[in-house]
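In what follows, a single structure is set out as structure tokens and then discussed.
In what follows, residues are counted from 1 in the order of the sequence shown. Every number for a ligand or one of its atoms is a count from 1 in the order of the listing.
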Amino acid sequence: MIQQTLVLIKPDGLVRSLTGNILTRLSETKLEIVAAKITRVSKEVAEAQYRQLRDKPFYPELIQYLQGELHDRRKVLAMIYWGQHAITKLRSLAGSTNPEEADPVSIRGSYGRIRTSGLFENVIHASSSEAEAEREIKLWFQPDEIIVDLYPTQEVTLKEVKVRQWAP
Ligand code: UDP
Ligand code: MG
């Protein structure tokens, strides 16, 4: 079963220079990276990403965490991994949500920690189901940023759209 999944290296992963390490681990899956970007995380995107947790007491801090405000590193590395059983493979490599309960050889088990507030700083996000993957991929990426066709698209003609270009 070919699947796609959204992977985020969260701000704690970036600030602690774990990117190379994490990417090496992920490369063991033999999955293909079909989109990748370093991006700032708006409040809107952070809130939408974790909308199912909005009633939790840790939600405001979770939003700050994803936006990089707890680590003074306002960005994440967002990627789409694609291939056989991508969702299960990534979830298993990432490990359990709580880094102290995660398998010690998993990414979260190796590098995650719990803040004094109780928030899980677990360095990586990986989508948990096909429905979540679709929702999250469409939240973080536009079709033309992905080198394969994952979901149906439509062409629209936009008028008077302001874009920024390189100055001559
Ligand atoms: N989280 C937390 N405490 C909890 C549950 C979740 O701090 O009790 C944080 C943690 O950073 C987690 C994120 O919220 O990765 C999203 O939670 P979810 O339940 O979706 O876990 P995940 O899918 O990331 O394993
Ligand atoms: Mg989740």
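Note: an N/O pair closer than 3.5 Å links Lys10 and ligand 1 by distance alone. Not one N or O of Ser128 is nearer than 3.5 Å to an N or O of ligand 1, by distance alone. The shortest N/O to N/O separation between Phe120 and ligand 1 falls below 3.5 Å.
When side chains are defined from C-beta on, Ile63 does not count as touching Glu69, because their heavy atoms never get closer than 4.5 Å. Phe141 is not listed as a side-chain neighbour of Leu150, based on a closest heavy-atom distance of 4.5 Å or more.
Counting heavy atoms closer than 4.0 Å to ligand 1, residue Asn122 contributes side-chain atoms (C-beta onward) but none from N, CA, C or O. Counting heavy atoms under 4.0 Å from ligand 1, residue Leu62 touches it through the side chain alone. If you look at Leu53 next to ligand 1, the close heavy atoms, those under 4.0 Å, all belong to the side chain. No part of Glu61 comes within 4.0 Å of ligand 1, judged by heavy-atom distances. With a 4.0 Å cut-off on non-hydrogen atoms, Glu121 does not touch ligand 1 at all.
The protein heavy-atom contact nearest to atom 5 (C) of ligand 1 is Phe58 CZ, 3.4 Å. Nearest non-hydrogen protein atom to atom 16 (C) of ligand 1 is Tyr50 CE2, 3.3 Å. Among all protein heavy atoms, the one lying closest to atom 25 (O) of ligand 1 is Thr97 OG1, 2.5 Å. The nearest heavy-atom contact from the protein to atom 20 (O) of ligand 1 is Gln52 NE2, 3.8 Å.
We find the CD-OG1 distance between Glu136 and Thr5 to be 7.0 Å, quoted to the nearest 0.5 Å. A distance of 7.0 Å separates OG1 of Thr19 from CD1 of Ile38, quoted to the nearest 0.5 Å.
The closest approach between Arg108 and ligand 1 falls below 4.0 Å for a heavy atom of the residue. Within the structure, ligand 1 has Arg91 among the residues with a heavy atom less than 4.0 angstrom away.
With hydrogens and angles ignored, the 3.5 Å screen pairs a side-chain donor or acceptor of Arg40 with a backbone N or O of Arg74. A donor-acceptor pair under 3.5 Å links the side-chain atoms of Gln3 to the main chain of Ala86, judged by distance alone.
Shown here for Ser127 and Arg91, the closest heavy-atom pair between the two residues is O-CD, 3.3 Å.
Between Gln49 and Trp140, the side chains place a donor N or O and an acceptor N or O closer than 3.5 Å (distance only, hydrogens not considered).
Ring geometry, His125 versus Tyr50: the interplanar angle exceeds 60°, so the pair is classed perpendicular (tilted spans 30 to 60°).
With Tyr65 as the aromatic partner, Lys10 does not meet the cation-pi criteria of under 6.0 angstrom to the ring centre and within 45 degrees of the ring axis.
Set against the non-hydrogen atoms of Leu119, the atoms of ligand 1 under 4.0 Å away are 7 (O).
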